Structure formats: C-alpha cells, structure tokens
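I have placed the structure first, in the form of structure tokens, so that the comments after it can refer back to it.
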Amino acid sequence: QVQLVESGGGSVQAGGSLRLTCAASGTTYSRGCMAWWRQAPGKAREGVARIHTDLGFTYYLPSVEGRFTISQDNAKNTLYLQMDSLKPEDAAMYYCASDRQSVCYFQPMRTEQYTYWGHGAQVSVSS
C-alpha cells in the first residue's frame, strides 16, 4: 500500500509560480515511478510529468516542458512539482500518483497505469 498526500496548491496570477508537494509513504516497490496529473473541470485527466525514482529520468507534457520541473527528495519520501510561468490554462486539480518502476517506460501516460493516487491539490491561475 502507498499513501500520497498533496499540498501547496493555491491561487496565483498568470506568470506566477507555485510548488506542489506530495508526501509519500508505503512500499518502495510501488513508488518506483511517480507522476503528477491534472484535471480541469469538464476535461480528461492528463499526465503532466513523471520521474523514475531510481534512475531519475523524467517526462513532461509538451505544454509544460520548460516551465514545470518534477523532482524528488528520497530521504524525505517527497515528490515536488515546481510550476513557473503559470498560465490560466494550467488551472486544475493536481494529483500525485505512483506505481512500479516499469510504468515510467510506458508512453503515452495513462491513468490506468497508476494504482495509487492522492486526493489532489487545487491550482487556480487568474489572467
């Protein structure tokens, strides 16, 4: 079992920054690939970024690449998403998710690849 708890959401103006945090606990095997997802009202959930927790390679949704950075602190069992140059279209509920390492090799990202999910953190961006 894995437990994931997001924090750090909030409201910012366009161009601003936020950092999301995901506190993780549970079996290491099921936290081999960790990801951030988002879902805006009326839209499908989309994968924003993911990281292979052992090898460190990452993937980003093209629309956020260069603006968002996924990182981890293994000692603290924490995942981060630094979001810079935020745009109104980035507004959504952001979710932390995890599963085994092999999931990080799958393309495209699909929700069914991830077994464990947090409850989400709301991000609002005003223009």
Side-chain angles (χ1 to χ4, degrees):
Q1 289 292 331
V2 172
Q3 294 77 43
L4 304 170
V5 179
E6 302 94 336
S7 61
S11 297
V12 295
Q13 289 189 327
S17 297
L18 281 173
R19 188 175 79 159
L20 301 180
T21 298
C22 173
S25 60
T27 59
T28 303
Y29 173 80
S30 297
R31 291 187 279 124
C33 183
M34 298 197 70
W36 289 99
W37 290 75
R38 68 185 181 189
Q39 187 168 21
K43 295 188 176 182
R45 193 169 294 192
E46 63 178 355
V48 175
R50 69 181 180 203
I51 186 167
H52 189 287
T53 57
D54 276 353
L55 300 179
F57 64 81
T58 59
Y59 165 81
Y60 293 94
L61 182 70
S63 63
V64 309
E65 191 156 18
R67 299 188 296 120
F68 290 12
T69 304
I70 188 170
S71 63
Q72 59 182 343
D73 184 334
N74 287 339
K76 296 181 179 179
N77 292 323
T78 304
L79 182 74
Y80 303 100
L81 184 69
Q82 177 67 40
M83 303 183 292
D84 299 319
S85 303
L86 281 161
K87 303 177 181 180
E89 53 263 41
D90 295 318
M93 183 72 80
Y94 282 71
Y95 299 90
C96 176
S98 78
D99 212 292
R100 63 196 186 283
Q101 290 183 356
S102 60
V103 166
C104 268
Y105 293 92
F106 298 161
Q107 194 67 20
M109 293 175 67
R110 299 186 189 278
T111 55
E112 55 265 34
Q113 296 164 354
Y114 295 84
T115 302
Y116 303 99
W117 293 83
H119 292 293
Q122 184 69 47
V123 171
S124 301
V125 184
S126 58
S127 57

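What you are looking at is a predicted structure, and each value in this text was computed from that prediction instead of being measured.
With values rounded to the nearest 0.5 angstrom, Gln72 atom CD is found 10.0 Å from Asn77 atom CG. A distance of 10.0 Å separates OG in Ser127 from CD in Glu89, rounded to the nearest 0.5 Å. From Arg110, atom CZ reaches atom CZ of Arg45 across 15.5 Å, with rounding to the nearest 0.5 Å. Atom CG of residue Leu55 and atom CD of residue Gln101 lie 6.5 Å apart, to the nearest 0.5 angstrom. Note that OG1 of Thr69 is 6.5 Å distant from CG of Asp84, once rounded to the nearest 0.5 Å. Between atom CG of residue Leu20 and atom OH of residue Tyr95 there is a gap of 12.5 Å, rounded to the nearest 0.5 Å.
The environment of CD in Gln13 is sparse: at most 12 heavy-atom neighbours from other residues, nucleotides or ligands sit within 6.0 Å. By the neighbour-count criterion of 12 heavy atoms within 6.0 Å, atom CD of Gln1 is sparsely surrounded, having that number or fewer from other residues, nucleotides or ligands.
Under a hydrophobic-cluster definition in which Ile, Leu, Val, Met, Phe, Trp and Tyr are linked whenever side-chain heavy atoms come within less than 4.5 Å, directly or via other members, Val48 and Ile70 are assigned to the same cluster. In the hydrophobic clustering of this structure, Leu4 does not group with Met93; members are Ile, Leu, Val, Met, Phe, Trp, Tyr whose side-chain heavy atoms approach within less than 4.5 Å, directly or through other members. In the hydrophobic cluster analysis, where Ile, Leu, Val, Met, Phe, Trp and Tyr join through side-chain heavy atoms closer than 4.5 angstrom, Leu81 is grouped apart from Trp117. Val5 and Val2 are members of different hydrophobic clusters when ILVMFWY side chains are connected at heavy-atom separations under 4.5 Å. The same ILVMFWY cluster, assembled from side-chain heavy atoms under 4.5 Å apart, contains both Val64 and Ile51.
Taking both residues in full, the closest heavy atoms of Ser17 and Ser85 are given as OG-N, 4.3 Å, listed atom of the first, atom of the second, then distance. Across Ala91 and Ser124, no two heavy atoms sit closer than the pair CB-CA, 4.2 Å. The minimum heavy-atom distance between Ala92 and Gln122, with the atom names listed, is O-NE2, 3.3 Å. When all heavy atoms of Ala35 and Arg50 are compared, the closest pair comes out as CB-CB, 3.7 Å.
Proximity of Ser30 to Thr115: side-chain heavy atoms (C-beta onward) are nowhere separated by under 4.5 Å. Taking the side chain as every heavy atom from C-beta outward, Phe68 and Leu61 never approach each other to under 4.5 Å. Residues Cys33 and Asp99 have side chains not in contact (no heavy-atom distance under 4.5 Å, counting atoms from C-beta outward). At a threshold of 4.5 Å between non-hydrogen side-chain atoms, the residues Cys22 and Tyr80 do not count as touching. Put simply, the side chain of Val12 does not reach to within 4.5 Å of the side chain of Met83, judged on heavy atoms.
Taking the ring centroids of Phe57 and Tyr105, they lie under the 6.0 Å cut-off.
Each of Gln113, Met109, His52 was checked for a side chain to side chain contact (heavy atoms under 4.5 Å, CB included) with Cys104, and the lone residue meeting it is His52. Considering Gln39, Arg38, Glu6 as possible partners of Tyr94, the one that fulfils the side-chain hydrogen bond (donor to acceptor under 3.5 Å, both in side chains) test is Arg38.
With sequence neighbours left out, Arg67 forms a side chain to side chain donor-acceptor pair (under 3.5 Å) with Asp90. Residues forming a ring pair (Phe, Tyr, Trp, His ring centres under 6.0 Å) with Tyr114 (at least two apart in sequence, or on another chain): Trp37.
No hydrogens or angles considered: nothing links the side chains of Thr78 and Asp73 as a donor-acceptor pair under 3.5 Å.
For the pair Thr53 (side chain) and Met34 (backbone), a donor-acceptor distance under 3.5 Å is absent.
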